[in-house]
Structures are given as C-alpha cells and as structure tokens.
Amino acid sequence: MGVATRCLLLELLDVSVSDLLTSGTQGGRPQQGHSMWLVQHCARDILEALAFLHREGYVHADLKPRNILWSADDECFKLIDFGLSFKEGNQDVKYIQTDGYRAPEAELQNSLAQAGVEVEGDSGCTSAVDMWGLGIILLEMFSGMKLKETVRSQKWKENSASIVDHLFASNSVVCPAIPVYHLRDLIKSMLLNNPKQRCSAETALLSPLFSIPFAPHIEDLVLLPTPVLRLLNLIDDSHLHNEEEYEEILEDMKEECQKYGSVVSLLIPKENPGKGQVFVEYANSSDSKEAQRLLTGRTFDGKLVVATFYPLSAYKRDMKSYSDGLTSSRSMSPSSRSSPPAAQINGVLQWLSESPDLYPIERPWCCLKAAIHKSHATNVKNLEQICQEVRNPPNSVPSW
Ligand SMILES: *[C@@H]1O[C@H](CO)[C@@H](O)[C@H](O)[C@H]1NC(C)=O
C-alpha cells in the first residue's frame, strides 16, 4: 500500500535487421544481400529518425543491425536502444558505438580514453558517427556480407571507396536494369573518414535513391510481417467468372481465415493486379502472423497454400479501387486504421499499381525458397513452381 511503482511500456517490435541478415544464410552458402526495396526502405526510415534526432542535437551513438527493428503494425523500421546516446557537444559517454560500426573518430577517442589520455575542448564526437554506422549497415544489407573484418583491414583504411565499388560491382544478383549507383554513392558519402565531410541525415534524404520506386521482392513479403496476408495458389481463374462460385469461395475463405484471428476485410480480385489471390486484413499483425504460420504448407481443396504478407498501404489502395467499382469485393466491416504517410510510400504504390504483380526481379529465387522453407512450408517442389511463375510472369518488363 502506498508504494509507488513505475513501469515503462515499450512497443513490441518484430524482426531486427540482424535477423534479416542471418535469414539468408543457409547451409554455409554465402548470402546474397537484400533487395533494393528493403535496403531503400530501411535507409529512408532510419535517416528520417536520425534527421529528427540530430536536429534536436542528440547523437544515437550505437547504430548496428541489432538496434533496427521492423514494426509490423506501422510497416517501417525503427531505431531502438538509446543507452549510449548523448547531447552533441556534451559527450558524457566515454566509449561509444559497437565494433564493426564505429566511426574512425570514435575509434580514436575510445583508444585515447583507454590509454588514459585526457582530451580537452570540443573534441567530442558528433552526429556524423551515426552516419558512419548506418553506412556500414546499408553496405552489409546490400552485399549480404559481414564487414567487421573488412573495416578493420589496412586496405579499408587506405581506400574504403574502392572496396565499396568492388562490393557493388560484384553483386551479380542485382539485375543490370536496377540503378544501384545511387545507393553506392550515398553509402560512400556516409563513409568518408573526415566527419566534417560526411553527409548529414538531412542531405542523405535528398539522394535520388529515394525517388526510385522499387518493388518488394516476394522474399521481403515473407520476412516482414504486416497485418495483411496474401494467399497464393488457391483459386483458379475459372472460378472467378462464375458469380455463384465466386461468392461461395468468398464465404469459404472468410470462414477459414477467421479461425486464425479477427478478420477485418477480405478481397479476391477478379482482375489484375492480384487476380485470384486472396487478401486478408487482420485486426493486427499478431493475428496475421499466427495465420501465416498456420496456413503456410496447408492444403486447401488439394492445393498447397503459399502465404505471404502484403503492405497494408498497398492493400488499402487496392480495396479502394475495387470498391470504386472496378470489380466486386466484400468488406466485412469498415476499417478505421489510418494509412501511413503518403509521401513515404507513394513511389512504391505507383510502381505496384503499374505491375500485374510484384515483380521479384532482383534475386534468384533460391533465396526465396530458403525463406519459404523456413516459414514451415512442406512441399518445396510445388513452391518452386509457384515462385518460378511469380518470378517470370508473362510480359514482365520492369518499368524504369
Ligand atoms: C489483436 O487483435 C485481436 C482481435 O481483435 C485481439 O484479441 C488481440 O488482443 C490483439 N493483439 C494485440 C497484440 O493487439
């Protein structure tokens, strides 16, 4: 009685960038880096967080893959762990950043502190240390390689730019049509040895990289949960044209999907985009995650279900276009969820709206196989076939 208790409630977040980086490593095969969509998404979200933080005069001082987490309900990456953060110009933390992600000036400061050398004046680290850390993270995401040893090498210290060039030139899985050089140049400007020359978060956000509408790879849609589930391989086109059959399928699907969580709405487009796919919006991502886990690998009417997530924002747009009269769909109850900031996703939406489906053009599907395998699918052979179809849709011409 009368004892005051305080507690901190923190948002429950999902997979970390560190989890994502290790998810592609299977049976010792070298990993192949993430899709441009994923790298761009992460870069933008974290740069926005840093721009805010730096504007307020704070330095995060511990950027690393473990400290960047995916928020399934907000569909963005979030920066966590402010344990080493400090106010710029007033650095009260001696040792900052983590091995492998530490800026050269922080490295120097750490070793001076270790040697017991007192440093006077404004020799503290600045927000530029965060830019360095993010630069390394993005390079790891793109290359799929751990760079801890690389950044320790003499070669890196002498000419890091040529190593970055090499990593970009040797990433053979990236389709030649994809303009990756904007990412390369951005990373290089984050990894300049002189902190005064390094680009700021504000400037980085102006990079042309962020105006390219990349599409998510199907693997991204398996790895990053959202409240919307997309079921593939369930419905034959022939069923879509018989109104009675269509209604029956809707009812069946609704009943089945409601077993796993609270369904807000359900959509089965009769035309592209997404023809014959089942989109299920759950009340929240814990419901959709449970549904994805339980539905993947199950058979429905003799067919093996493939369940991926789908961006809620893109789903909302699809829903709207269908309810505007394109074709019939059924909403079980109006959703009150507010959509994410439009500007942030507009590019991707634009791209999606022009695509018959999400073109997974960036990566060989063996990575996807590993991802789907990991998500408890049972029959890989069948999946291979589906993925092959998704990867090479007829008339697939990327639109840039
Ligand atoms: C998700 O929604 C379901 C159904 O509305 C609810 O029972 C559950 O508590 C929610 N979970 C979270 C984590 O909000």
Side-chain angles (χ1 to χ4, degrees), residues 5-20 23 38 41-42 45-46 49 65-82 216 220-232 234 249-268 274 277-298 300 305-320 322-323 329-342 344-345 371-372 374-377:
T5 45
R6 290 165 203 270
C7 63
L8 274 174
L9 287 185
L10 297 176
E11 186 185 355
L12 180 63
L13 295 169
D14 222 276
V15 291
S16 71
V17 167
S18 172
D19 299 331
L20 293 175
S23 69
L38 187 63
H41 202 325
C42 181
D45 293 344
I46 299 309
R66 258 178 225 289
N67 285 347
I68 298 176
L69 267 52
W70 174 251
S71 163
D73 285 314
D74 292 339
E75 286 186 15
C76 66
F77 288 96
K78 297 194 176 183
L79 188 54
I80 64 157
D81 190 354
F82 290 73
D220 301 332
L221 300 179
V222 176
L223 291 176
L224 299 177
T226 73
V228 180
L229 210 56
R230 182 180 62 152
L231 308 176
L232 307 171
L234 276 181
I249 290 174
L250 276 177
E251 285 307 315
D252 284 357
M253 279 293 138
K254 189 161 72 173
E255 200 180 310
E256 181 65 22
C257 292
Q258 225 139 17
K259 288 181 192 160
Y260 309 104
S262 164
V263 174
V264 176
S265 68
L266 190 142
L267 175 72
I268 305 177
Q277 300 178 4
V278 183
F279 295 85
V280 194
E281 180 190 4
Y282 281 97
N284 53 46
S285 62
S286 44
D287 281 1
S288 63
K289 269 156 59 177
E290 184 68 356
Q292 198 251 5
R293 197 174 68 78
L294 294 169
L295 277 167
T296 302
R298 281 202 45 191
F300 202 74
V305 180
V306 176
T308 84
F309 298 101
Y310 191 78
L312 178 65
S313 42
Y315 172 74
K316 289 276 175 201
R317 188 217 50 220
D318 295 346
M319 276 294 264
K320 191 173 174 313
Y322 283 102
S323 60
S329 74
R330 177 161 315 170
S331 182
M332 291 178 192
S333 70
S335 167
S336 57
R337 208 191 307 272
S338 61
S339 47
Q344 204 187 12
I345 45 167
I372 295 185
K374 205 176 154 222
S375 64
H376 313 292

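Order of listing sets the numbers, starting from 1, for every ligand and every atom in it. The figures that follow rest on heavy atoms only: side chains count, while hydrogens, waters and symmetry mates do not.
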I'd like to know if the side chain of [X] reaches the main chain of [Y], judged simply by a donor and an acceptor atom lying under 3.5 Å from each other, with no hydrogens or angles considered.
X	Y	value
Tyr282	Cys257	yes
Asp73	Asn284	no
Glu290	Tyr260	no

Problem - Atom pair CG/CD1 of Leu250 and Ile268 - distance to nearest 0.5 Å - result: 4.5 Å
Fill in the blank from the handout: One should read off an interatomic distance between Ser16 OG and Asp81 CG, to the nearest 0.5 angstrom, of 12.0 Å
Problem - side-chain hydrogen bond (donor to acceptor under 3.5 Å, both in side chains) involving Thr226 - partner list, sequence neighbours excluded - result: none
Problem - Atom-level proximity to ligand 1, residues with heavy atom under 4.0 Å - result: Ser262, Ala283, Asn284, Ser286, Asp287
